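See below for the structure under consideration.
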Protein chains: 2
Amino acid sequence: MNDAVPLRDRAARREVLLDAADRIVRRDGPAASMAAIAAEAGISKPILYRHFGDKSGLYAALAERYTTRLLDDLQAALRSGTTRRDRVERTIGAYLSAIEEEPQVYRFLVHSDEAAPAQSQVRSFTRRLSVLLADGIATEIDAPPARAAAWGHGIVGMVQAAGDWWLETGGATRTELVEELTALLFGAYGTSPS
Amino acid sequence: MNDAVPLRDRAARREVLLDAADRIVRRDGPAASMAAIAAEAGISKPILYRHFGDKSGLYAALAERYTTRLLDDLQAALRSGTTRRDRVERTIGAYLSAIEEEPQVYRFLVHSDEAAPAQSQVRSFTRRLSVLLADGIATEIDAPPARAAAWGHGIVGMVQAAGDWWLETGGATRTELVEELTALLFGAYGTSPS
DNA sequence: ACGTCCTGTTACCGGCGGTAACACTCTGAG
DNA sequence: CTCAGAGTGTTACCGCCGGTAACAGGACGT
């Protein structure tokens with residue numbers, strides 16, 4: 001039964017499988033199952049497992065695909081702009097734009113491997129982004145590494161939580177939310193009159 | 001076979017079941033299974049389901065138990081202190097203390113129902129806390145509701161993300177982390193020299 | 001012609017959340 | 001005393017999940 005699929009090339013096959021996984025993730029969100037992905041690709045489960053090892057392997061490969069562009073964009077935003085506040089605004093804006101354009105993909109990236117065994121060698125998207133931001137902060141201002149790390153993780157968590165809330169309730173426009181979060185980061189809460 | 005358990009009282013029985021669930025959650029974290037909880041309580045699964053409906057019902061009841069004291073503490077911290085910065089420090093400190101004292105319980109509260117069907121009537125701990133903080137902010141400074149909501153969710157996300165990172169890496173003391181996060185909220189990043 | 005590798009399948013495993021169906025005891029009415 | 005019924009308990013099952021063993025058949029070098 002070696003018909004209809006003349007793909008001898010492993011890499012090309014892999015891309016086709018990831019295409020199928022992508023379609024299912026966009027349809028089912030983080031609840032996408034291996035069986036559904038295999039069916040979508042027109043193959044059976046063991047092939048998936050031979051290519052990706054296990055579910056977290058497939059998820060990692062798919063996340064890599066989604067992530068590359070986004071992380072590049074964010075890194076670019078981090079280095080752009082004239083003032084620091086401008087940089088922060090652009091970076092948060094880029095993040096929220098990604099959420100807005102592809103909510104299911106965002107949910108998959110951020111909320112898929114919660115409560116996972118955690119010994120996975122695949123650092124999650126959130127962690128990678130946090131570390132990246134921490135590095136950015138450490139080089140921008142000369143902060144001790146502990147401070148930069150705490151801030152990096154904290155800021156990413158802040159934007160993600162606000163993004164989740166925004167996705168669910170959809171109360172404000174993206175621009176407004178960017179402005180609120182930027183203001184918060186620049187101490188607007190601490191200095192507001194009571 | 002109605003032996004060894006003279007508990008005719010539904011409420012008391014419920015507490016006993018929650019005690020068992022508590023033990024298993026402390027042992028297994030968010031991966032605790034219904035079968036394990038039933039076994040720990042010395043009963044069979046259907047009894048659990050008759051008492052709590054389904055897994056999210058049990059989780060909600062257990063979360064309620066964990067949450068009551070913590071939310072009270074946090075609300076008290078929000079209203080305490082002399083300066084606003086003092087209040088923020090105390091509140092973040094109370095949150096991180098809870099993480100430090102009972103990490104498994106914290107993990108259960110924050111990371112158990114991720115990727116859940118979401119139509120659950122049980123608002124998660126994170127959401128409840130965010131709304132509570134948003135209300136606090138809205139009454140403390142007169143901010144428009146959208147701003148207070150965005151800030152509430154963002155700040156809770158920030159502290160949670162930093163807390164998760166702290167739990168995993170354990171790099172700093174609680175007091176240090178509280179100081180870093182408070183400084184961040186008061187604009188230390190925005191005003192640091194580059 | 002034949003063993004071997006590769007690609008593909010079906011069919012299974014254990015564990016999960018959740019439930020149907022049945023067993024036993026206790027109680028109250030006739 | 002007897003018998004229906006309500007509770008309370010159990011076992012055994014369902015479907016779905018992630019993951020794998022075991023097998024089927026074509027491609028190919030010797």
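Lettering follows sequence order; numbering is per chain, from 1. Not measured: the values here are computed from a predicted model.
- Listed by chain and number, the residues in a ring pair (Phe, Tyr, Trp, His ring centres under 6.0 Å) with Trp165(B) are His153(A) (sequence neighbours excluded).
- For the side-chain contact (heavy atoms from CB on, under 4.5 Å) test, residues two or more places apart in sequence or in another chain that qualify with Ser44(B) are Pro46(B), Ile47(B).
- Residue Arg50(A) places none of its side-chain N or O atoms closer than 4.0 Å to OP1 or OP2 of dT20(D).
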Check nucleotides 15-19 of chain D against the protein and report each pair of N or O atoms closer than 3.5 Å, with its distance, or say if there are none.
residue	atom	partner	partner atom	Å
dG18(D)	OP1	Lys55(A)	NZ	2.5
dG18(D)	OP2	Met34(A)	N	3.0
dG19(D)	OP2	Lys55(A)	N	2.7
dG19(D)	N7	Lys45(A)	NZ	2.9
dG19(D)	O6	Lys45(A)	NZ	2.4

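- The side chain to side chain donor-acceptor pair (under 3.5 Å) contacts involving residues 25-41 of chain A comprise Asp22(A)-Arg26(A), Arg23(A)-Glu40(A), Arg26(A)-Glu102(A), where partners must be two or more places apart or lie in separate chains.
- Contact annotation: Arg13(B) does not reach the phosphate of dG7(D) (side-chain N/O to OP1 or OP2, under 4.0 Å).
- Residue pairs meeting the salt bridge (charged side-chain N to carboxylate O under 4.0 Å, His left out) criterion with at least one partner in residues 175-194 of chain B, sequence neighbours excluded, are Arg147(A)-Glu180(B), Arg85(B)-Glu179(B).
- The phosphate of dT10(D) (OP1 or OP2) has a side-chain N or O of Ser44(B) nearer than 4.0 angstrom.
- Whole-Å rounding puts the His51(B) NE2 to dG9(D) C1' distance at 11 Å.
- Whole-Å rounding puts the Phe52(A) CZ to dT20(D) P distance at 15 Å.
- Judged as a side-chain contact (heavy atoms from CB on, under 4.5 Å), and not counting sequence neighbours, the contacts of Ala148(A) are Ile137(A), Ala138(A).
- For the pair Ile47(A) CD1 and dA22(D) P, the computed distance is 19 Å after rounding to whole Å.
- Among residue pairs with one or both ends in residues 45-56 of chain B, none qualify as salt bridge (charged side-chain N to carboxylate O under 4.0 Å, His left out); sequence neighbours excluded.
- For the helix from dA1(C)-dT30(D) to dG30(C)-dC1(D), the angle separating the two terminal helix axes comes to 40°, with each axis derived from five pairs and the value rounded to 10°.
- Phosphate contact (OP1/OP2 of dC6(C), side-chain N/O of Arg10(A), threshold under 4.0 Å): absent.
- Protein atom CG of Leu48(B) is 12 Å distant from nucleotide atom P of dG9(D), rounded to whole Å.
- Side-chain contact between Leu17(B) and Ile43(B) is present, with at least one heavy-atom pair separated by less than 4.5 Å.
- Residue pairs satisfying the side chain to side chain donor-acceptor pair (under 3.5 Å) criterion with at least one member in residues 132-145 of chain B, sequence neighbours excluded, are listed as follows: Tyr189(A)-Glu140(B), Arg84(B)-Glu140(B), Arg87(B)-Glu140(B).
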Kindly determine whether Asp73(A) and Arg90(A) satisfy salt bridge (charged side-chain N to carboxylate O under 4.0 Å, His left out), including the steps that lead there. CA-CA 10 Å; Asp73(A) 287 356; Arg90(A) 285 170 191 252; over 6 Å; no
